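Letters go in sequence order (proteins before strands), and every chain restarts at 1. Since the structure is predicted, the reported quantities are computational estimates derived from the model, not experimental observations.
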2 protein chains.
Amino acid sequence: MNSFTEENYLKAIYHLSKDDGSVVTTNSISEAINTTAASVTDMLKKLAEKKLISYVKYQGSTLTESGRMAAANIIRKHRLWEVFLVEKLGFKWDEVHDIAEELEHINSSELIARLDQYLGFPKTDPHGDPIPDSEGNFNHKQLTKVSKLSPGQQGSISGVSEHSAIFLQFLEKTGLTLGAVLKIKEVLEFDGSVTLIIDHVKEITISREVAKNILVVI
Amino acid sequence: MNSFTEENYLKAIYHLSKDDGSVVTTNSISEAINTTAASVTDMLKKLAEKKLISYVKYQGSTLTESGRMAAANIIRKHRLWEVFLVEKLGFKWDEVHDIAEELEHINSSELIARLDQYLGFPKTDPHGDPIPDSEGNFNHKQLTKVSKLSPGQQGSISGVSEHSAIFLQFLEKTGLTLGAVLKIKEVLEFDGSVTLIIDHVKEITISREVAKNILVVI
DNA sequence: CTATATTTTTAGACTAATCTAAATTTTATA
DNA sequence: TATAAAATTTAGATTAGTCTAAAAATATAG
């Protein structure tokens, strides 16, 4: 079994290596989990020893298959708990991250199997992120950043790539919630800001930065 | 905030000091949490430093008011999670202890308040043990051991004082579950074994040892 | 009421995870 | 391509929690 701390490193490496499993630098990990690079180096050696990552000195790390599985399992638990917190306990989508961060380390596959069933086998968490199955497989939808759309195109919001409470609260307030249909009216060449119509009703303008972090299915 | 480990010590001291808050020996703690007496001594100093216990060298320890509150809060979380696991996820009463042992350390009073509400503010856990309120107050019912009853007396099962899975499974199989009405038919003087009638129907005989661990309201 | 047994504490050491400071390697630049 | 800058690793130390072995205090028994 991996320690609480090892799990956090695996999760960080997973998130940093994108979907393609690309090499992750030591520094990027140290930033992600707020430790010194020296501490990260120590842990990388340990994870390599346990065959959870492959690590080449001065070059970086990638998850091995078993490391990837372990990471997917933690993410599965995190996202299932988020669904529980929002759907059953009535938390808002911007309030659940920190609690799920703790719950994800609870160790019982029976518990997770039953929770999954209790929640009706959800496929995404409250932010639209996919929940991997118990074998670690993600069911990838093709998600597009709103910033990539051209006038006339439309899509429905299916996820976000920024999870801070402040951003989520802004989306909530603006009506940019999961499932909302967006139709692009205009993209301003000057700064990339996007004017769009939400659910065929409300017209608003968002910055390029915001548009980059909203993901839609076309 | 207290560490995971500190919380486990506080809980152990609480359970060992009965309801009367009596002095707990170092050795009894080391047995309870399966560590050496030397380790316990170290931790007792630390807890005393934090004013969670009062500790007199070579004499033993008692919880202070703030230690008692902290312990009650952990027990509250443990028991609420047990209710969740049994009522919502369908675990059996003998399966939930170890998982609740992990969940009890999750740190969010908002989470516990919402869980409490979601469960309908239960007053006891699946073993009949009282759930303290958020101020740490237990709602004590007067519970009597079956071994203290005389022929002719009856009561309904409201708790157990032994929580091992093996014992709970035995009770389950025998029909000695929470709420069952017991009427004492005979107490054998030779070994204290008790013959009783469950729910006015089924007659069985249990050992004195078993009788001591079943608690009823008369 | 002394001698022995038991309990508890102290001393010193270990592991996991972290840190700072210094050394080394890689990358970027002039 | 030599050199400076940045990234990474190593060395050595620290903290929390644990351990074993030895010392000290308390309890028990003759």
In this structure, how many angstroms lie between the P atom of C:dA16 and the CD atom of A:E6, rounded? 9 Å

Value in whole Å for how far the P atom of D:dT15 lies from CG of B:D42: 15 Å

Separation of atom OH in B:Y55 from atom C1' in C:dT9, rounded to whole Å: 7 Å

For the ring pair B:F84 and A:F84, is the centre-to-centre distance below 6.0 Å? yes

Report the nucleotide, chosen from D:dT18, C:dT18, C:dT9, that has the shortest atom-to-atom distance to any side-chain atom of A:T5. C:dT18

Could you check how far CD of A:Q59 sits from C1' of C:dT25, rounded to whole Å? 9 Å

Cationic N near anionic O, under 4.0 Å, A:E110 to A:R114: yes

Which nucleotide, C:dT8, D:dT10, D:dT26, lies nearest any side-chain atom of B:T26? C:dT8

Quick check on D:dT10: is either OP1 or OP2 less than 4.0 Å from any side-chain nitrogen or oxygen of A:K45? yes

Of the options D:dT9, C:dC19, C:dA11, whose atoms approach the side-chain atoms of B:A38 most closely? C:dA11

With a 4.0 Å cut-off, would you call B:R79 and B:E82 a salt bridge? no

For B:M43 and D:dC19, what is the distance between atoms CE and P respectively, to the nearest whole Å? 11 Å

Tell me what B:S39 touches on the nucleic acid: a base, only sugar-phosphate, or nothing, going by heavy atoms under 4.0 Å. base

Rounded to the Å, how far apart are B:I29 CD1 and C:dT7 P? 15 Å

Taking the six-membered ring for Trp, are A:F138 and A:Y14 closer than 6.0 Å centroid to centroid? yes

Please tell me if A:K57 has a side-chain N or O lying less than 4.0 Å from either OP1 or OP2 of C:dT24. no

I need the CD-P distance between A:E49 and C:dT15, as an integer number of Å. 14 Å

Looking at D:dT18, I'd like to know if its phosphate oxygens (OP1 or OP2) sit under 4.0 Å from a side-chain N or O belonging to B:Y9. yes

Which part of the nucleic acid, if any, lies within contact of A:T41, taking any heavy atom under 4.0 Å across all strands shown: a base, the sugar-phosphate backbone alone, or nothing? base

Closer than 4.0 Å, any side-chain N/O of A:T36 to the OP1 or OP2 of C:dC19? yes

The side chain of B:Y58 is closest to which nucleotide in this list: C:dC19, C:dT8, D:dT9? C:dT8

Rounding to an integer number of Å, can you tell me how far B:K50 NZ sits from D:dA16 C1'? 11 Å

Does either side chain, that of A:D191 or that of A:S193, offer a donor lying less than 3.5 Å from an acceptor on the other one? yes

Which part of the nucleic acid does A:F4 contact within heavy-atom distance under 4.0 Å: base, sugar-phosphate only, or nothing? nothing

Per A:N27 side chain, nearest of listed nucleotides D:dA7, D:dT10, D:dT9: D:dA7

